[in-house]
Amino acid sequence: MKIAVCIKRTPDSETRFRIGASNSAIDESGVKFDMDDFASYAVEVALQMKEKAGSGEVVIVALGPDSVQETLRKAMSMGADRAIQLKADVIPFDGLAVAKALAAELETGGFDLVLFGKHAFDTSEGVVGTATAELLHLQCVTAVSKLEIANGKGSARRELEGAAELVEFSLPAVVTIDEGIARPRYPSLKGIMAAKKKPLESRPAQLGAPRVTVKSMALPADRPPGRIVGEGTGAVAELVKLLQTEAKVL
Amino acid sequence: MSNILVFAETRGGELRKVASEAVSAGRRLADASGGGEVHVIIAGPPGVAAKSEVLGRFGADVVLALEHPALGTFAREAIAATLATRAKSVGYRAIVLGFSAQGRDLGPRLAAKLDAPIVSDIVEVESSGADVLTVKHPSYANKVIVTLAITGSPAILSVRPSAFTATEAPRTPRVETIAPALDPAMERVKVTQVVEGAKGRPDLADAPVIVAGGRGLKAPENFKLVEELADAFGNAAVGATRAVTDEGWRPHADQIGQTGRQVSPQLYVALGISGAIQHLAGMRTSKTIVAINKDKEAPIFKVADYGIVGDVLEVVPALTRAVREAKQGH
Ligand SMILES: Cc1cc2nc3c(=O)[nH]c(=O)nc-3n(C[C@H](O)[C@H](O)[C@H](O)COP(=O)(O)OP(=O)(O)OC[C@H]3O[C@@H](n4cnc5c(N)ncnc54)[C@H](O)[C@@H]3O)c2cc1C
Ligand SMILES: Nc1ncnc2c1ncn2[C@@H]1O[C@H](COP(=O)(O)O)[C@@H](O)[C@H]1O
C-alpha cells in the first residue's frame with residue numbers, strides 16, 4: 001500500500017505569541033516549530049499501517065519554505081520512506097490555494113490512501129484535506145478517531161458533536177485524522193541516521209495568487225483577573241451567591 | 001448579486017442551534033451588503049420543510065427544502081453537490097455554514113467545486129464590500145485573532161457556534177422543494193452506524209453550562225461527582241482534559257482544548273484541572289469560569305473568575321447540594 005501524508009510545519013503549542021512588526025504575521029523570533037499535532041498523528045497512523053502490512057511506502061509532503069525540510073527529515077526519522085517539499089517562500093492563509101498545489105502533486109502519485117491532520121495548529125481551519133480530496137475527486141472521511149484498512153476497503157469512526165459515526169469506504173481515499181487515534185513516536189537514533197540518506201525532493205509549489213490574505217493579527221484581550229473565593233467546602237455558599245448575583249449564571 | 005446562501009443543518013430531522021446562528025449571520029451579511037435575499041437550504045427526511053417557519057423567524061427570504069428518505073443521515077456528497085449546483089445557477093455573494101462536523105465537511109468541498117475562497121471558523125464579519133469581505137478568525141489555537149480579507153464571490157464562510165447570536169428578523173419565507181444533485185442513497189462513504197452520545201445531555205457546543213474534570217479527580221469512578229454537578233445545573237454538558245481522555249476515563253469526544261472541542265459556554269466549571277495552555281485554548285472564551293483545585297498556584301486560577309482552593313472530592317459534593325438548592329429556590 002502506498003500512503004501519502006501531508007504535514008505542516010507550525011509553531012509549538014506552548015508558544016506565547018507576539019505579533020510581528022508588519023502587524024500581519026506572528027513574530028517568529030525565538031519560536032520553536034515542529035510538525036502540526038494532527039499531522040503528526042497521521043504520520044504515526046501511516047507508519048503503523050505499513051508495519052502491520054509488512055510492506056508499502058509512506059511518502060511525506062509539505063508545502064512551505066526550506067525550513068520545512070527539517071520537519072520532513074523528522075518524519076523520515078520516524079520511519080517514512082521519502083519526502084517531497086513543495087517549495088513556497090510563505091504558506092498562504094488560503095486553504096484552497098494550498099489544496100490545489102498539494103492536489104497537483106498527489107494526482108499522479110498513485111496513492112491508495114492520503115492522510116491529513118484534521119486541522120493545522122496555526123491556521124486552525126480544517127480546509128486543506130477535504131478540499132484536496134474534492135480536487136482529486138476522491139472520497140473523503142474527515143475527523144477520524146479510529147481507522148482500519150483491509151482488502152482495499154476502509155472502515156472508520158468519526159466523532160460528531162455528541163455522537164459518533166461508523167463509516168465504510170473503498171480505496172483510494174483521503175482521510176483526515178482526529179484526536180484519539182495515535183500519538184506520534186519519537187525518532188530513534190537509528191531512525192535519525194537512516195533519515196539522512198532518505199530521498200527528499202524539492203520542487204516549486206504551484207500556487208496561484210491567494211484570494212484570502214491576512215489584513216492584521218491581534219492578541220485576544222486578556223481575561224479580567226479573577227479571585228479566589230475561599231478554601232474548601234466553607235467557600236461553596238459564597239461561590240453560589242456570586243454565581244447568582246454577580247455572574248448571573250445560576 | 002448580494003444574495004446569500006445559507007446551509008441550515010439538521011440532525012434527526014431537528015434544526016441544530018448553529019443553523020439559526022448561520023441564518024442570522026447570513027441575514028446581517030445580506031443587509032450589510034445592500035439588502036440582498038437570504039436563501040436557506042435545509043436537508044432532511046420528508047417533512048423537514050416544516051422548519052421553514054423557524055428559518056423565516058431568523059431572516060430567511062427563501063427556503064429550499066431538500067427532502068429525501070435517505071437524508072435521515074447526513075449525506076455529505078449529495079448535499080455538497082446540491083449546494084454547488086444551486087450556487088452555480090443562481091450566483092451568491094457568500095455561502096454561510098456552521099463550523100460544525102457537517103459544515104467542516106461541506107465547506108471545503110464547496111470551495112473546491114466552485115473554485116471559491118473559503119475561511120472557516122469565523123467569529124465576526126468586519127466589513128462587506130462588493131469585492132472584498134473581511135472577517136475575524138481565531139487561529140493558533142485561539143491565541144491569535146486574524147483579520148482576513150477574502151476576494152471574490154461566492155465567499156464561503158463557516159461560523160463558529162455561539163459566536164453569532166441568532167436574532168429575530170421575522171418574515172414569511174417562500175418555500176420551494178429542490179431535488180438532490182446526486183442521489184443521497186449513493187454516497188461513496190457509507191454510514192453503517194450512528195452511535196448516540198450521553199443521553200439527556202446537550203452537546204458541548206450547545207450547552208450553556210459545562211462541568212469539566214481533570215486528573216485531579218483521581219479515578220474514573222469519581223466522574224460521578226462531575227455528572228452529579230452537571231445534573232444539578234440541569235442544562236450542563238460534561239467535558240474532560242486530555243490527561244483524562246488519554247487515560248480512558250472519559251471518551252475522546254469529551255476532550256476540551258487545542259486538539260479537542262473548543263467551547264464557549266456561559267459557565268465553565270473546571271474541577272481538578274491544572275489549566276495547561278492547550279486546555280485553556282479550548283475554553284478561555286467561556287463567559288464565566290469557575291475552578292476548584294487543591295493547588296492555589298495552578299494556572300487555571302489565572303483565567304478563573306471564581307476559584308476555590310480545595311479537594312474536589314470534598315468540595316464538589318457540597319457544591320452540587322448548594323446548586324440544587326439554589327435551583328429549587330427559583
Ligand atoms: C500537542 C498537545 C495538544 C494537547 N491538547 C490538549 C487538549 O486538547 N486538551 C487538554 O486538556 N490537554 C491537551 N494537552 C495536554 C495538556 O498539556 C495537559 O497535559 C493536560 O491538559 C493536563 O490535564 P489535567 O489538568 O487533567 O492534569 P494535570 O495537569 O495533571 O492537573 C491535575 C490538577 O489537579 C489538581 N488536583 C490533584 N488532586 C486534586 C484534588 N484532590 N482536588 C483538587 N485538585 C486536585 C492538581 O493540583 C493539578 O492542578 C495537549 C498537549 C499537547 C502537547
Ligand atoms: N502547507 C502545508 N503542507 C502540507 N500539508 C498541509 C499544509 N497545510 C495544511 N496541510 C495539511 O492539512 C491539514 C489541515 O490544515 P488546515 O486546513 O490549514 O487546518 C494539516 O493538518 C496538514 O495535514
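Since this is a predicted model, take the numbers as computed values, not measurements.
- Dense packing is recorded around CD of A/Glu246, with more than 12 heavy atoms of other residues, nucleotides or ligands lying under 6.0 Å away.
- Counting all heavy atoms, side chain and backbone alike, A/His119 lies closest to B/Gln258 at NE2-O, 4.0 Å.
- Heavy atoms closer than 4.5 Å to chain A are found in the side chain of B/Arg11, but not in its backbone.
- With a 4.5 Å cut-off on non-hydrogen atoms, B/Pro138 touches chain A through its backbone but not through its side chain.
- A/Thr123 touches chain B through its backbone: at least one of N, CA, C or O sits under 4.5 Å from a heavy atom, while the side chain does not.
- Around atom CD of B/Glu124, more than 12 heavy atoms belonging to other residues, nucleotides or ligands sit under 6.0 Å away.
- Residue A/Ala173 does not touch chain B at all, counting heavy-atom pairs closer than 4.5 Å.
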(message) I'd like to know whether B/Thr192 forms a side chain to side chain contact (heavy atoms under 4.5 Å, CB included) with A/Val167, so could you lay out the CA-CA distance, the side-chain angles of the two residues, the decisive distance to 0.1 Å, and finally the verdict.
(response) CA-CA 5 Å; B/Thr192 54; A/Val167 299; 5.9 Å; no
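- The OG1 atom of A/Thr142 lies 7.0 Å from the CZ atom of B/Arg109; values are rounded to the nearest 0.5 Å.
- Using a 4.5 Å cut-off between heavy atoms, A/Ser24 makes no contact with chain B at all.
- Residue contact with chain A, scored on non-hydrogen atoms closer than 4.5 Å, involves the side chain of B/Arg242 exclusively.
- Interface remark: A/Leu219 contributes backbone and side-chain atoms alike to the contact with chain B (heavy atom separation under 4.5 Å).
- Not counting sequence neighbours, B/Phe301 has no partner by the ring pair (Phe, Tyr, Trp, His ring centres under 6.0 Å) test.
- Looking at B/Thr73, neither its backbone nor its side chain comes within 4.5 Å of chain A, counting heavy atoms on both sides.
- Against chain B, the residues from residues 30-43 of chain A that qualify, each with a non-hydrogen atom under 4.5 angstrom away, are A/Asp37, A/Phe38, A/Tyr41 in number order.
- Interface check for chain A: of the options B/Pro317, B/Ser139, B/Gly310, B/Ala291, the most heavy-atom pairs under 4.5 Å are formed by B/Ser139.
- Contact annotation for residues 92-104 of chain A against chain B (heavy-atom separation below 4.5 Å, listed by residue number): A/Phe93, A/Leu96, A/Lys100.
- For a residue to count as touching a neighbouring chain, one of its non-hydrogen atoms must lie under 4.5 Å from one of that chain's; by this rule B/Ile156 does not touch chain A.
- Remark: B/Arg104 CZ to A/Leu160 CG distance equals 10.5 Å, nearest 0.5 Å.
- Looking at heavy atoms from C-beta onward, B/Val144 lies in side-chain contact with A/Ile19 at the 4.5 angstrom threshold.
- Looking only at heavy-atom pairs under 4.5 Å with chain B, the residue among A/Cys140, A/Gly154, A/Gly129, A/Ala156 that has the most is A/Cys140.
- Residue B/Val290 touches chain A through its side chain alone, counting heavy-atom pairs closer than 4.5 Å.
- Proximity to chain A (any heavy atom under 4.5 Å) is shown, for B/Lys287, by both the backbone and the side chain.
- Across all non-hydrogen atoms, the minimal contact from B/Pro108 to A/Ala131 is CB-N, 3.6 Å.
- Of the atoms belonging to A/Leu138, it is backbone heavy atoms, and not side-chain ones, that fall under 4.5 Å from chain B.
- In terms of non-hydrogen atom pairs under 4.5 Å with chain B, the most contact-rich of A/Glu231, A/Lys215, A/Arg183 is A/Arg183.
- Of all the heavy atoms in B/Thr288 and A/Ala247, the pair that sits closest is OG1-CB, 3.7 Å.
- Here CG of A/Leu239 is found 4.5 Å from CD1 of B/Ile308. Values are rounded to the nearest 0.5 Å.
- Of the atoms belonging to B/Asp246, it is side-chain heavy atoms, and not backbone ones, that fall under 4.5 Å from chain A.
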(request) Applying side chain to side chain contact (heavy atoms under 4.5 Å, CB included), run through B/Gln278 and A/Ser13 and close with a yes or a no. (result) CA-CA 7 Å; B/Gln278 297 91 354; A/Ser13 60; 3.1 Å; yes
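- Heavy-atom pairs under 4.5 Å with chain B peak, among A/Lys118, A/Arg227, A/Arg157, A/Lys248, at A/Arg227.
- By number of non-hydrogen pairs under 4.5 angstrom with chain B, the leading residue of A/Glu179, A/Met217, A/Glu159 is A/Glu179.
- Both the backbone and the side chain of A/Phe121 come within contact range of chain B, with heavy atoms under 4.5 Å apart.
- Residue B/Glu187: no heavy atom, backbone or side chain, is found under 4.5 Å from chain A.
- Of the listed residues (B/Lys113, B/Lys294, B/Glu77), the one with the most heavy-atom contacts under 4.5 Å to chain A is B/Lys113.
- The most heavy-atom pairs under 4.5 Å with chain B, out of A/Thr213, A/Val249, A/Thr176, A/Val240, come from A/Thr213.
- The shortest non-hydrogen separation linking B/Val303 to A/Arg223 is O-NE, 3.0 Å.
- A donor-acceptor pair is defined here as one N or O able to donate and one able to accept, closer than 3.5 Å; no such pair exists between the side chain of A/Thr130 and the backbone of B/Asp105.
- Not a single donor-acceptor pair under 3.5 Å links the side chain of A/Glu168 to the backbone N or O of B/Lys190.
- For the atom pair NZ of B/Lys143 and CZ of A/Arg16, the computed distance is 7.5 Å after rounding to the nearest 0.5 Å.
- Every residue meeting the salt bridge (charged side-chain N to carboxylate O under 4.0 Å, His left out) condition with A/Glu165, not counting sequence neighbours, appears here in chain and number order: A/Arg158, B/Arg76.
- With chain A as partner, the option from B/Thr245, B/Thr134, B/Val119, B/Asp311 having the largest number of non-hydrogen pairs under 4.5 angstrom is B/Val119.
- Side-chain atoms of A/Thr233 and B/Glu314 include no donor-acceptor pair closer than 3.5 Å.
- For B/Asp305, the parts sitting under 4.5 Å from any heavy atom of chain A are the backbone and the side chain alike.
- No part of A/Pro210 comes within reach of chain B, as not one of its non-hydrogen atoms sits under 4.5 angstrom from that chain.
- Heavy-atom minimum distance, B/Ala141 versus A/Ser124: N-OG, 3.6 Å.
- Annotation: maximal heavy-atom pairing with chain A below 4.5 Å, among B/Thr151, B/Ile292, B/Val135, B/Leu133, occurs at B/Thr151.
- Taken from CD in A/Glu161 to NZ in B/Lys17, the straight-line distance is 11.5 Å, to the nearest 0.5 Å.
- The two residues B/Ala322 and A/Val236 come nearest to each other via the heavy atoms CB-CG1, 3.6 Å.
- In this structure, chain A has no heavy atom under 4.5 Å from any part of B/Ala281.
- Of the atoms belonging to B/Ile145, heavy atoms from both backbone and side chain fall under 4.5 Å from chain A.
- Per-residue counts of heavy-atom pairs under 4.5 Å with chain A were compared for B/Lys296, B/Arg284, B/Arg321; the largest is that of B/Arg284.
- Note on B/Leu148, B/Val315, B/Val312: by heavy-atom pairs under 4.5 Å with chain A, the leading option is B/Leu148.
- With hydrogens and angles disregarded, a donor-acceptor distance shorter than 3.5 Å links the side chain of B/Ser120 to the backbone of A/Glu125.
- Between chain B and the options A/Pro225, A/Gly232, A/Ser216, the largest number of non-hydrogen pairs under 4.5 Å is found for A/Ser216.
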